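Starting from 1, each residue takes its place in the sequence as its number. No experiment lies behind these values; they were computed from the predicted model shown.
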Amino acid sequence: MEIKGTLEAKFETKQFSSGFRKREFVINTGGEYPQSIKLEVVKDNIEKLDGISVGTDVTCKIDIRGRLYEGNYYNNILAWAINVGATTEKADNPKEESDLPF
């Protein structure tokens, strides 16, 4: 999945006793009904967020994760790729993206 917006906030990296690290950030989707969506990056992907300033347009490739903990359900939006600027996928002509001869 992919989500686009403007980087609204970055938070400090959290380090857990197990050695696990994560960093949360917020992007605003803009448009007629703007939403501020909190995402997170983990492990080696944390450094991808360092060089991006608040106010920059970004496109994030994401996975949505869910889990049950002590009778409550929790969701996380995990960003595994962050690109500066708006990227556009070529959905009109998928043949241009492929090297296949058919």
Side-chain angles (χ1 to χ4, degrees):
M1 296 179 86
E2 189 173 271
I3 187 168
K4 299 175 186 180
T6 303
L7 184 61
E8 189 172 286
K10 298 191 297 186
F11 304 103
E12 294 298 318
T13 300
K14 295 179 183 175
Q15 177 106 16
F16 298 90
S17 59
S18 64
F20 179 77
R21 299 180 313 139
K22 76 174 185 176
R23 186 172 186 185
E24 297 174 327
F25 64 102
V26 176
I27 64 170
N28 188 299
T29 59
E32 187 175 352
Y33 303 104
Q35 300 291 312
S36 294
I37 309 290
K38 184 172 73 170
L39 299 94
E40 62 185 39
V41 287
V42 297
K43 301 179 182 176
D44 296 336
N45 290 326
I46 292 172
E47 286 77 30
K48 293 179 181 179
L49 197 57
D50 288 339
I52 304 173
S53 301
V54 171
T56 302
D57 289 335
V58 295
T59 301
C60 300
K61 296 199 184 279
I62 61 170
D63 289 328
I64 299 174
R65 306 270 172 102
R67 67 187 178 289
L68 173 65
Y69 179 72
E70 295 184 1
N72 293 307
Y73 290 92
Y74 297 91
N75 298 317
N76 295 77
I77 304 173
L78 181 67
W80 52 271
I82 304 171
N83 297 309
V84 174
T87 62
T88 56
E89 303 268 338
K90 291 185 179 180
D92 296 336
N93 192 355
K95 185 174 172 105
E96 288 183 7
E97 294 180 25
S98 174
D99 291 336
L100 297 175
F102 50 92

Study note, to complete from the structure: Across all chains, not counting sequence neighbours, the side chain to side chain donor-acceptor pair (under 3.5 Å) partners of K10 are none
Check your understanding: Any chain of hydrophobic side-chain contacts (each under 4.5 Å) joining W80 to M1?
Key -> no
Practice item. Test T6 against every option in D57, N28, T56 by the side-chain hydrogen bond (donor to acceptor under 3.5 Å, both in side chains) rule and name the one that passes. Key: D57
Practice item. Mind checking the CZ-CD spacing from R23 to E12? Nearest 0.5 Å is all I need. Key: 6.0 Å
Practice item. Determine whether V26 and I62 fall in the same hydrophobic cluster, where Ile, Leu, Val, Met, Phe, Trp and Tyr are linked whenever their side-chain heavy atoms lie under 4.5 Å apart. Key: no
Point to revise | Straight-line distance of N75 CG to K38 NZ, nearest 0.5 Å | key: 11.5 Å
Check your understanding: About how many Å separate NZ of K4 and OG1 of T29, when rounded to the nearest 0.5 Å?
Key -> 12.5 Å
Review point. Quick one: do K22 and E24 make a salt bridge, cutoff under 4.0 Å?
Key: yes
Review point. Which distance, rounded to the nearest 0.5 Å, do you find between the CD of Q15 and the CD1 of I46?
Key: 8.0 Å
Revision key, fill the gap. Note: L39 and A79 closest approach over all heavy atoms is CD2-CB, 4.3 Å
Review point. Going hydrophobic residue to hydrophobic residue with side-chain gaps under 4.5 angstrom, can you get from I82 over to V84?
Key: yes
**Study point:** Contact summary for E8 and S36, nearest pair of heavy atoms
**Key:** OE2-OG, 3.0 Å
Check your understanding: Can you pull the side-chain hydrogen bond (donor to acceptor under 3.5 Å, both in side chains) pairs that have at least one residue in residues 62-74, sequence neighbours excluded?
Key -> R67-N76
**Study point:** Same cluster (ILVMFWY, side-chain, under 4.5 Å), I77 and L68
**Key:** no
Review point. For F16, what are the other residues in its hydrophobic cluster, where any two members join if their side-chain heavy atoms are less than 4.5 angstrom apart?
Key: F20, V42, L78
